[in-house]
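Data block below; observations after.
The figures here come from the full heavy-atom set of this structure, side chains too, leaving out hydrogens, waters and symmetry mates. Bear in mind the structure is a predicted one, so any value in this text is a computation, not a measurement. All residue numbers in this chain count up from 1 along the given sequence.
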Amino acid sequence: MLPSYRIRQRDYLLEILRALTEELNLEALLTRILSLSIDMLSGQAGFISLIDEDETWEIQVAQGIPGALVSRLNLWAKNLTQSDKAPNLLPEMNRFLKDVSMGAMNGISLPLTVHGKSIGEIYVLRSTQVIFNADDLSILGSFANQAAIAVRNARLYNQSIEHSLRLAALINAVVEGILILDTDFKVSKVNTSLERMLNRQQSELLDKPYAEVIQWIRQPHGTSIEDSVRTYWVKYSREELLLEGEIQRGGGLKALPVSMYYAPLFDEKGRLINIIASLQDITRFREAEELKENFISVVSHELKTPIALIKGYASTLRRDDVTWDKETIQESLGVIEDEADHLTLMVEDLLDASRLQASGGILLKKSELDLAELAAEVVKRFRKQDYPQTFKLEFPLDFPLVVGDEPRLRQVLTNLVGNAVKYTQTGEITIQGVYNTREVEVSVRDQGKGFDPVDIPHIFERFYRSEEAIKSTKGTGLGLYLCKAIVNAHGGRIWVDESYHTGASIHFAIPREDQKIPLLRLQNDSSA
């Protein structure tokens, strides 16, 4: 017979019903169920064990049982259920409890079953034997059934919370902006990427009309979301659609070019419940397109100029109605040769840039070389061309050798000195070398206009040319890009000295791979 608590059967059942409807935290719910079970059965201790997804038992809550015993019970139950020895755990559990309590404790089990499937057991430990009649078993069965339903609901709720958190984390981890609308075109969910793209906080976006959140500068290309709801999706179509244009941003930021893919979400009855849109920032694609157009324009113009000069001078020399003197012929051939060299350099730069883009790096053929001597050779070639600028070399006599690709480093020095000549009408161009125990550093300084601070972050980018450079000089915007690629391939670095204000000063440094004895020179060439 149950003790006097039997007269409180209705109270116990009402309590578990309240737990069923009020408590969705699984641990708190199990604690309440266990406490009621121990109270109902006049027990001294107990625990609730649930079946995991891998069909093993694990104690979730315990009362009146030492932690060490709970751990031992968990290990014992797991080993037992993973074997074929105990199709029914209760007899084995009772034997185990009697063994550990030296026969002082008895276990009473209340199975937790939902739709005929066991999800766990309630074990109440007591020091006395008890015999139940039919009414007692009915009460206990009702209690256990209600407890099982409460546990199942709490588990489902916790799983839904976990899935929601996982989905939210996944959405926030996506680089694209995610926007979820309800059927009234109001925002129900956004991710952090969209907040960043719009430069607005989530609180400014949730529950706002779609048209207020996504404000197009001009009517975008493609079918609007509103039209899609009225036309494409009325017949349970799952077609994804695309809009492309520029959207307004908060905080006075300039408009952002985006492509927006959006699709419907239907329920099992085919009713539209949400519209899910993903927005991708296409700024870099727009910039790439502009870069491509500028490149084609610049290169076509730059190629036409030397070709036109070569053709013009060659056609002039071929005229039958004129006899040219030797000096004119030599001068014309000199122009043809110079323009052919210019054309060759441009083609080589284009090929280098193309190879670099395709392979992601430059293949070097390294050997021991003298950068001071290389700089002197480059300057010597420029002096021969009678430029109005003067050239000065400043390398210490003990400037060390380095290991590098000589033709490539000559290309770097030629580009840097060539740029200095191009942007300096008159004045001195200085090529200086310094070194320390880690690297050698070479700088090229001029007395021209220098760099506009706005341009400095971009001067090593492919095809980049400042507005001033486009107006005043020839070029493809590849020279400094290739310089950086070559220096990087050597494990070095290249930069602009922003503290230099009497022109432009570009530095590059190459690591010293081995500490060779410095090369001593008899004299340092610093003549103008």
Side-chain angles (χ1 to χ4, degrees), residues 306 327 330-331 333-349 352 364-435 440-448 473-475 478-480 482-484 486-487 490 492 494 497 500 502-510 516 518-528:
E327 183 179 347
Q330 289 298 319
E331 183 181 342
L333 290 174
V335 171
I336 291 173
E337 186 178 15
D338 289 343
E339 293 303 321
D341 289 342
H342 180 208
L343 194 59
T344 300
L345 287 174
M346 278 198 294
V347 171
E348 287 177 352
D349 281 351
D352 280 341
L364 302 178
K365 296 180 180 179
K366 290 186 176 183
S367 61
E368 197 173 74
L369 63 95
D370 182 359
L371 275 176
E373 186 177 303
L374 202 59
E377 291 175 7
V378 170
V379 166
K380 185 177 180 180
R381 284 191 9 243
F382 276 94
R383 283 176 178 154
K384 285 183 179 179
Q385 299 179 53
D386 295 327
Y387 287 112
Q389 302 87 352
T390 57
F391 299 88
K392 184 178 182 181
L393 288 164
E394 293 182 351
F395 283 83
L397 292 175
D398 59 350
F399 195 74
L401 302 177
V402 296
V403 175
D405 188 313
E406 184 170 334
R408 288 298 188 181
L409 290 175
R410 180 183 285 106
Q411 184 180 354
V412 171
L413 287 165
T414 300
N415 277 336
L416 295 182
V417 176
N419 274 358
V421 170
K422 190 186 298 184
Y423 296 106
T424 305
Q425 299 301 318
T426 58
E428 188 172 75
I429 295 171
T430 304
I431 301 91
Q432 184 183 54
V434 295
Y435 70 94
V440 298
E441 179 184 322
V442 177
S443 62
V444 178
R445 299 193 303 270
D446 61 52
Q447 295 177 331
T473 62
K474 300 176 181 179
L478 290 172
L480 291 178
L482 292 172
C483 286
K484 182 176 181 179
I486 293 167
V487 172
H490 282 82
I494 186 168
D497 182 359
Y500 184 77
T502 56
S505 178
I506 298 182
H507 301 239
F508 71 91
I510 303 295
K516 296 286 186 181
L519 176 67
L520 299 178
R521 297 176 183 79
L522 296 178
Q523 61 181 9
N524 187 25
D525 182 4
S526 60
S527 57

Euclidean distance, T502 OG1 relative to Q447 CD, rounded to 0.5 Å: 6.0 Å

Pairwise distance CD(E441) to OH(Y435) - rounded to 0.5 angstrom: 13.5 Å

Heavy-atom pair with the smallest gap, counting every atom of P396 and G433: CD-O, 3.2 Å

Minimal non-hydrogen separation, A376 against L393, with atom names: CA-CD1, 3.6 Å

Derivation and outcome, side-chain contact (heavy atoms from CB on, under 4.5 Å), residues I506 and Y500: CA-CA 10 Å; I506 298 182; Y500 184 77; over 6 Å; no

Residues, nucleotides or ligands: over 12 heavy atoms within 6.0 Å of E377 CD: yes

By side chain to side chain donor-acceptor pair (under 3.5 Å) - contacts of H490 (at least two apart): none

Contact summary for V487 and A509, nearest pair of heavy atoms: CG1-O, 3.9 Å

Matching residue for V444 among N419, I429, N415, V412 - test: side chain to side chain contact (heavy atoms under 4.5 Å, CB included): I429

From CG (L416) to CG (L480), nearest 0.5 Å: 6.5 Å

Residue pair V440 / P400: nearest heavy atoms and the distance that separates them: CG1-CG, 3.7 Å

Heavy-atom check, side chain of V378 versus side chain of F391, under 4.5 Å: no

Spatial distance of atom CD1 (I486) from atom CD (Q411) [nearest 0.5 Å]: 4.0 Å

Heavy-atom closest pair, residues L409 and L371: CD1-CD2, 4.1 Å

Atom pair NZ/OG1 of K392 and T430 - distance to nearest 0.5 Å: 6.0 Å

Step-by-step side-chain contact (heavy atoms from CB on, under 4.5 Å) determination, D497 to R445: CA-CA 9 Å; D497 182 359; R445 299 193 303 270; 5.9 Å; no

With E406 via salt bridge (charged side-chain N to carboxylate O under 4.0 Å, His left out) - residues at least two apart: R410

Under the salt bridge (charged side-chain N to carboxylate O under 4.0 Å, His left out) test, residues paired with K380 that sit two or more places apart: none

E337 and L333, any side-chain heavy atoms less than 4.5 Å apart: no

Distance in Å, E373 CD paired with L401 CG, rounded so as to fall on 0.5 Å steps: 9.5 Å

Side chain D446, main chain A504, donor-acceptor under 3.5 Å: yes

Shortest non-hydrogen contact from F382 toward T414: CZ-O, 3.8 Å

